[in-house]
Amino acid sequence: MRRHIWCADKTDSWYYSPYIDFLEKMIICGVEVVKKKRFLSKLKNIGPGAMVGAAIIGPGTVTTASQTGATFGYTLIWAIVFSIIATMFLQEMTTRLGVVSRMDMGTAFRRQFSHPLLRAITVILIVSAITIGNAAYEAGNITGGAIGLGTMTNIPVNVWGIITGIIAGALLLIGNYKVIEKIFIVLIVIMSISFVLTAIVVKPDIAAMAAGFIPTVPDGTAILVISLIGTTIVPYTLFLQSATVQERWKGKEGLHESRFDIIASLLGVMVVSISIIVSAAVAFPLGTGIKNPADMALQLEPILGSWAKYIFSVGIFAAGITSSMTAPLAAAYATTGVLGWDQDMKSNRFRGIWAFIILIGVIFSGMGYSPIDLILFSQYANGLILPIIVLFLLLVMNNKKLLGENVNRTWMNIVGWVIFGITVLLSLNSFNII
């Protein structure tokens, strides 16, 4: 839209100048002014955060949240809220690192230490941790997606596992970040609608649900609380976020918008996770054990009709396929970053890393392991990796050479070290030390 207004120059002389109003900026008296985006406009621009959300809501989260609701009802909703808040702090750090320093976490970790021995140890730790951890996650992710399809079709899970791996690989082979980001957004919308719609239709007890937001740890719930936190604070999503924000935002001016992106996305993760707990709390008698995500879909059928099984199964598949893409993608970003390799999505090394992770996932998903065993193994791997990653992240976020004035403030460091302590407890619990 073009109008004219009166402007004054440096000598206080007035002149008539065009006032041009574009969608994202205005030109007033020859000066370009960036317009503050409205809330809905910001929502439309969500991208990297949605990929992180898709990674978090994988089969592990679906199974753990279902088991939590089936066993203890609404009691542990607060644990989801707590874990999302903790994740927000860590993801904000990685967002700031990527946007400000133009480095992903792998590259920043490599540059943190100047001593050759310390740098070599860092590289070995990160590559080993990410390879083992993401391979473990990938097996559970592919199996989870296959279970969703198997529930709808009665075709064996190991067959769907191979197909799921091929689909994930084919989508990543596109090698175009913007296209892949849009695919993720579509899938996470489908997944969210499936789970939230189910939670609304089952008509939960609102008063009991509200009481679940008050922190309590009844006897026997400690392990599930730790599991909920462990399936939400996922190490590889930190690498993924620090890399993908650079694809979307090109400088410090994007910091505010990138923070909105990750916070809004994680709030969506919280809503979806709570929806799964709520659905399980209504569908199952208290104290019921769940062995895999399909139990939830099948249990809903006699309550809501045959459509419920298919709706929830679609959600399980979407959760599995998105996680099957994010785990190998994050492994590629992390490994190439820490080794100093080219991070072009079309490079042979980059593609070789994510292809290897998918292949390992397909092999293990086809070996007939119980889905719950695969998910538990990924949680053990998570317990081993997470404290190391959080420790390195806190060191990097206090490096003024990388971040200048954007280093962590004191209160952020305090929060970070508290979260680090929690990750240590997760690790000790994973190996039955506590």
Side-chain angles (χ1 to χ4, degrees), residues 51-52 54-64 126-151 155-175 180 183-184 187-188 191 230-231 234-240 291-294 315-336 345 349-386:
M51 294 176 70
V52 169
I56 292 173
I57 308 175
T61 298
V62 175
T63 302
T64 303
I126 298 302
V127 171
S128 301
I130 289 298
T131 301
I132 296 171
N134 282 34
Y137 273 110
E138 189 67 358
N141 294 336
I142 288 175
T143 301
I147 286 172
L149 292 172
T151 304
I155 295 174
V157 170
N158 57 352
V159 174
W160 278 123
I162 296 171
I163 296 172
T164 301
I166 292 172
I167 293 172
L171 293 174
L172 289 178
L173 195 61
I174 294 170
I180 291 173
I183 291 170
F184 271 108
L187 288 171
I188 198 170
M191 174 172 58
T231 57
V234 183
Y236 73 78
T237 61
L238 301 172
F239 288 93
L240 184 66
K291 294 182 179 180
N292 69 60
I316 295 170
F317 168 70
I321 191 66
T322 52
S323 298
S324 297
M325 293 170 64
T326 52
L329 185 61
Y333 274 123
T335 305
T336 52
M345 293 183 71
R349 284 176 171 175
F350 194 94
R351 284 176 167 171
I353 294 166
W354 62 248
F356 174 74
I357 297 296
I358 290 177
L359 179 62
I360 295 297
V362 169
I363 290 172
F364 276 93
S365 70
M367 293 176 69
Y369 289 110
S370 163
I372 199 70
D373 289 338
L374 290 173
I375 290 167
L376 285 173
F377 180 68
S378 67
Q379 288 179 353
Y380 291 147
N382 184 46
L384 177 65
I385 299 166
L386 192 55

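Computed from a predicted structure; not experimentally measured.
- In this structure, CG on Leu329 lies 11.5 Å from CG on Leu171, to the nearest 0.5 angstrom.
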Subject >> Working for side chain to side chain contact (heavy atoms under 4.5 Å, CB included), residues Ile183 and Ile174 >> reply: CA-CA 11 Å; Ile183 291 170; Ile174 294 170; 4.0 Å; yes
Original post:
Yes or no on side chain to side chain contact (heavy atoms under 4.5 Å, CB included) for Ile357 and Tyr137, after CA distance, side-chain angles and deciding distance?
Top reply: CA-CA 9 Å; Ile357 297 296; Tyr137 273 110; over 6 Å; no
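- Note that the OG1 atom of Thr164 and the CG atom of Asn141 stand 10.5 Å from one another [nearest 0.5 Å].
- Considering every non-hydrogen atom in both Ile142 and Ser365, the closest pair reads CG2-OG, 3.6 Å.
- A distance-only check finds a donor-acceptor pair linking the side chain of Thr336 to the backbone of Tyr333 [under 3.5 Å].
- No side-chain heavy atom of Tyr236 sits under 4.5 Å from any side-chain heavy atom of Ile385.
- Going from atom CD1 of Ile162 over to atom CD1 of Ile363 covers 10.0 Å, rounded to the nearest 0.5 Å.
- In this structure, the side chains of Leu240 and Thr326 come closer than 4.5 Å at one or more pairs of heavy atoms.
- From Leu187, atom CG reaches atom CZ of Phe317 across 7.5 Å, with rounding to the nearest 0.5 Å.
- For the atom pair CD1 (Ile358) and CH2 (Trp354), the distance works out to 5.5 Å, reported to the nearest 0.5 Å.
- To the nearest 0.5 Å, atom CD1 of residue Ile147 and atom CH2 of residue Trp160 are 14.0 Å apart.
- The neighbour count for Phe364 CZ, taken as heavy atoms of other residues, nucleotides or ligands under 6.0 Å away, does not exceed 12.
- For Thr231 (side chain) and Ile56 (main-chain N/O), no donor-acceptor pair under 3.5 Å exists by modelled atom type.
- The closest donor-acceptor contact from the side chain of Thr322 to the backbone of Ala319 lies under 3.5 Å.
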